[in-house]
Amino acid sequence: MNTRREFIQKISGSAIALSVLPGYLPAACTTLPNEAYNGPVLKVAILGLGNYANRVADAMVSCKKAKLTGVISGTPSKIKAWQTKFNIPEKNCYNYENYDAIKDNPDIDAVYVITPNALHSEEVIRVAKAGKQAICEKPMAINVKEGEEMIEACKKANVKLLVGYRMHFEPHTLEIIRLRNAGEFGKIKFFQGLSGFIIGDPNQWRLNPKLSGGGSMMDIGIYSVNGSRYMTGEDPIWVNAVETKNDPVKFVQGIDETIQFQLGFPSGAVASCLSTYSMNWLDRFFLDGTEGFAELYPATGYDPTQGRTNKGPLDFPFIPHQTIQMDEMAAIILEGKKPVLPVDGEEALKDLKIIEGIYKSAQSGRTVNLKL
Ligand code: NAD
């Protein structure tokens with residue numbers, strides 16, 4: 001498949017066929033080979049060169065509107081390897097001590113923070129103070145207060161703050177939202193979100209509350225929290241939650257192993273979700289309405305998303321999520337494009353408010369009212 005037209009023809013021949021209009025295709029389809037792009041390009045430095053940063057950098061090679069131009073890392077050997085792999089000049093390489101100097105570097109428009117959760121807030125604020133656009137991984141911070149400070153700092157510096165919600169640009173997900181908005185599922189009554197995996201190495205930062213800010217909920221449960229909002233199209237007004245801990249040695253105080261939580265929405269719709277670090281195969285969203293249903297499974301993993309509705313399967317060609325995300329984020333920053341689903345700091349702050357409510361409910365055993 002080489003061209004946009006062939007791409008459109010392919011999906012036109014699929015089960016969702018007639019419901020998909022070319023104008024609806026995400027801008028990331030600009031990443032299709034053979035389609036020239038001569039517009040502005042967002043020059044991005046990545047801060048923190050770990051596992052996910054590698055995935056993002058590899059995916060960005062296929063971007064048209066975003067380009068990796070710099071790195072910030074505390075490990076000189078990683079910087080060298082990235083310089084070679086991605087052709088990054090020495091003058092665009094920084095460490096954690098000197099990266100405020102990006103301020104004077106015209107080769108860097110934006111910095112993508114991909115470090116452990118507890119570091120996001122300080123790093124985003126430094127990026128903002130350097131006058132650069134900030135992109136930050138999820139969760140945006142480890143509590144609401146930090147999230148608010150990040151939003152404030154970016155406003156003050158007149159830069160954007162975007163959070164790495166890659167599923168907000170994923171075609172199957174966006175198609176379900178389009179169908180829901182068109183009334184295809186009738187009145188939405190219920191959402192189920194299952195998010196979990198068995199976590200390995202007990203010594204990793206994800207199991208250290210000082211660096212992670214929490215356990216499965218901060219890391220993977222946040223997908224069900226966020227998904228409950230974009231799938232139903234509403235923000236919850238209450239939450240109740242129950243925590244289960246079977247391995248208190250691996251999952252120390254401050255690290256939740258498994259949490260089941262319910263959310264209530266203004267329309268009367270409800271959600272039932274599971275977040276866990278001790279079960280595999282949990283990556284499923286289910287949306288139920290009076291006239292139909294939608295399912296995503298896998299819903300948020302890196303591999304091709306699969307979706308269906310009561311009318312049949314959804315079938316979009318696979319583009320790595322991070323390629324679409326970074327092209328779309330470039331369009332938001334450079335062209336002022338308004339995404340179907342927001343990815344700004346305010347959007348991410350809502351998830352932190354819900355997560356704080358979940359923890360509060362799990363601790364108190366009471367239903368917690370939410371004001372997002
Ligand atoms: P990782 O451990 O692989 O990488 C973290 C990087 O941060 C490493 O390069 C490490 O050297 C660096 N670092 C800097 N200061 C550190 C410190 N004080 N302690 C530990 N490491 C430090 O982790 P990861 O899986 O790449 O996750 C990084 C962030 O990306 C997290 O916020 C995570 O939630 C997020 N993430 C998002 C997705 C997604 O799909 N959106 C997927 C994975 C991770």
Side-chain angles (χ1 to χ4, degrees), residues 27 40-48 52-53 56-57 60 63 65-72 94 96 99-100 102-103 105 108-169 212-213 218-219 222-223 225-226 229-230 235 321-322 324-356 372:
V41 169
L42 185 75
K43 292 167 274 179
V44 180
I46 291 185
L47 187 159
Y52 193 62
V56 169
M60 279 181 72
C63 282
K65 297 184 175 178
K67 182 174 165 34
L68 177 67
T69 56
V71 288
I72 301 163
Y94 298 85
Y96 294 127
Y99 75 87
D100 307 279
I102 53 170
K103 185 169 172 288
N105 190 335
I108 296 172
D109 302 318
V111 176
Y112 193 165
V113 170
I114 318 188
T115 50
N117 309 340
L119 308 178
H120 295 175
S121 124
E122 188 201 317
E123 290 164 348
V124 162
I125 291 170
R126 272 176 78 179
V127 167
K129 283 188 176 158
K132 301 297 178 180
Q133 312 289 331
I135 304 174
C136 177
E137 251 323 307
K138 45 59 54 179
M140 79 184 287
I142 58 169
N143 57 49
V144 170
K145 185 171 167 288
E146 281 187 2
E148 286 170 344
E149 288 165 0
M150 292 158 77
I151 291 172
E152 191 52 41
C154 290
K155 268 199 188 121
K156 205 168 149 198
N158 199 22
V159 296
K160 284 208 158 52
L161 168 55
L162 305 181
V163 180
Y165 287 118
R166 62 188 157 78
M167 303 316 296
H168 286 208
F169 307 107
S212 61
M218 278 289 182
D219 191 31
I222 192 169
Y223 285 96
V225 169
N226 188 251
R229 294 174 45 235
Y230 64 69
D235 288 338
H321 299 160
Q322 297 81 5
I324 307 189
Q325 174 202 327
M326 291 310 290
D327 264 340
E328 288 287 88
M329 286 189 165
I332 292 169
I333 291 170
L334 297 170
E335 302 159 19
K337 184 172 179 182
K338 201 172 174 298
V340 175
L341 296 172
V343 286
D344 52 25
E346 283 80 2
E347 163 76 6
L349 187 67
K350 288 182 180 180
D351 289 343
L352 288 182
K353 287 182 177 172
I354 298 169
I355 290 174
E356 282 196 1
L372 305 189

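Since this is a predicted model, take the numbers as computed values, not measurements. Only heavy atoms go into these numbers, but all of them, side chains included; no hydrogens, no water, no symmetry mates.
Between atom CG of residue Leu372 and atom CD1 of residue Ile354 there is a gap of 5.0 Å, rounded to the nearest 0.5 Å. Lys338 NZ to Ile332 CD1: the interatomic distance, rounded to the nearest 0.5 Å, is 10.0 Å. Rounding to the nearest 0.5 angstrom, the gap separating the CD atom in Glu137 from the CD1 atom in Ile46 is 10.0 Å. The CE atom of Met329 sits 13.0 Å away from atom CG of Leu334, with the distance rounded to the nearest 0.5 Å. Residue Glu146 holds its CD atom at 11.5 Å from CG of Leu349, rounded to the nearest 0.5 Å. Rounding to the nearest 0.5 angstrom, the gap separating the CG atom in Leu42 from the CD1 atom in Ile108 is 11.0 Å.
When all heavy atoms are compared, the tightest approach of Phe169 to Pro339 is CE2-CB, 4.1 Å. Gly48 approaches Tyr96 most closely through the heavy-atom pair CA-OH, 3.5 Å. Nearest heavy atoms, Lys67 versus Met60: C-CE, 3.6 Å. Of all the heavy atoms in Ser212 and Ile142, the pair that sits closest is O-CG2, 3.6 Å. Closest approach of Asp327 to Ala66, counting heavy atoms only: OD1-N, 3.6 Å. Minimum interatomic distance between Ala141 and Leu352 (heavy atoms only, all atoms of both residues): O-CD2, 3.3 Å.
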- Start with the C-alpha gap between Asp219 and Lys138, add the side-chain angles, then the distance that decides, and say whether side-chain contact (heavy atoms from CB on, under 4.5 Å) holds. CA-CA 8 Å; Asp219 191 31; Lys138 45 59 54 179; 3.5 Å; yes

- Message: Between Tyr94 and Asn105, does the side-chain contact (heavy atoms from CB on, under 4.5 Å) criterion hold? Intermediate values first, please.
- Response: CA-CA 11 Å; Tyr94 298 85; Asn105 190 335; 2.9 Å; yes

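With sequence neighbours left out, Lys350 forms a salt bridge (Lys or Arg N to Asp or Glu O under 4.0 Å) with Asp235. Checked against side chain to side chain donor-acceptor pair (under 3.5 Å), Tyr230 has no partners two or more places apart in sequence or in another chain. In terms of the side-chain contact (heavy atoms from CB on, under 4.5 Å) criterion, residue partners of Glu335 (sequence neighbours excluded) are, by chain and number, Tyr37, Lys65, Ala331. Residues passing the side-chain contact (heavy atoms from CB on, under 4.5 Å) test with Leu119, sequence neighbours excluded: Thr115, Pro116, Glu123, Leu211.
In this structure, Met326 and Ile135 have side chains that are in contact, with non-hydrogen atoms separated by less than 4.5 Å. Between Glu356 and Asn143, some side-chain heavy-atom pair lies under the 4.5 Å cut-off.
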Got a list of side-chain donor-acceptor pairs under 3.5 Å for residues 147-155, not counting sequence neighbours?
| unit_1 | atom_1 | unit_2 | atom_2 | d |
| --- | --- | --- | --- | --- |
| Glu149 | OE2 | Lys145 | NZ | 2.9 |
| Lys155 | NZ | Glu346 | OE2 | 3.4 |

Extract all donor-acceptor atom pairs below 3.5 Å that involve side chains of residues 160-168 and protein atoms in other chains or at least two apart in sequence.
| unit_1 | atom_1 | unit_2 | atom_2 | d |
| --- | --- | --- | --- | --- |
| Tyr165 | OH | Asp351 | OD2 | 2.6 |
| Arg166 | NH1 | Thr300 | O | 2.8 |
| Arg166 | NH1 | His321 | ND1 | 2.9 |
| Arg166 | NH2 | Tyr223 | OH | 3.3 |
| Arg166 | NH2 | Thr300 | O | 2.8 |
| His168 | ND1 | Pro342 | O | 2.8 |
| His168 | NE2 | Asn226 | OD1 | 2.7 |

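Put simply, the side chain of His120 gets close to the backbone of Pro139: a donor and an acceptor are under 3.5 Å apart. Looking only at distances, no side-chain donor or acceptor of Lys129 sits under 3.5 Å from a matching main-chain atom of Asp100.
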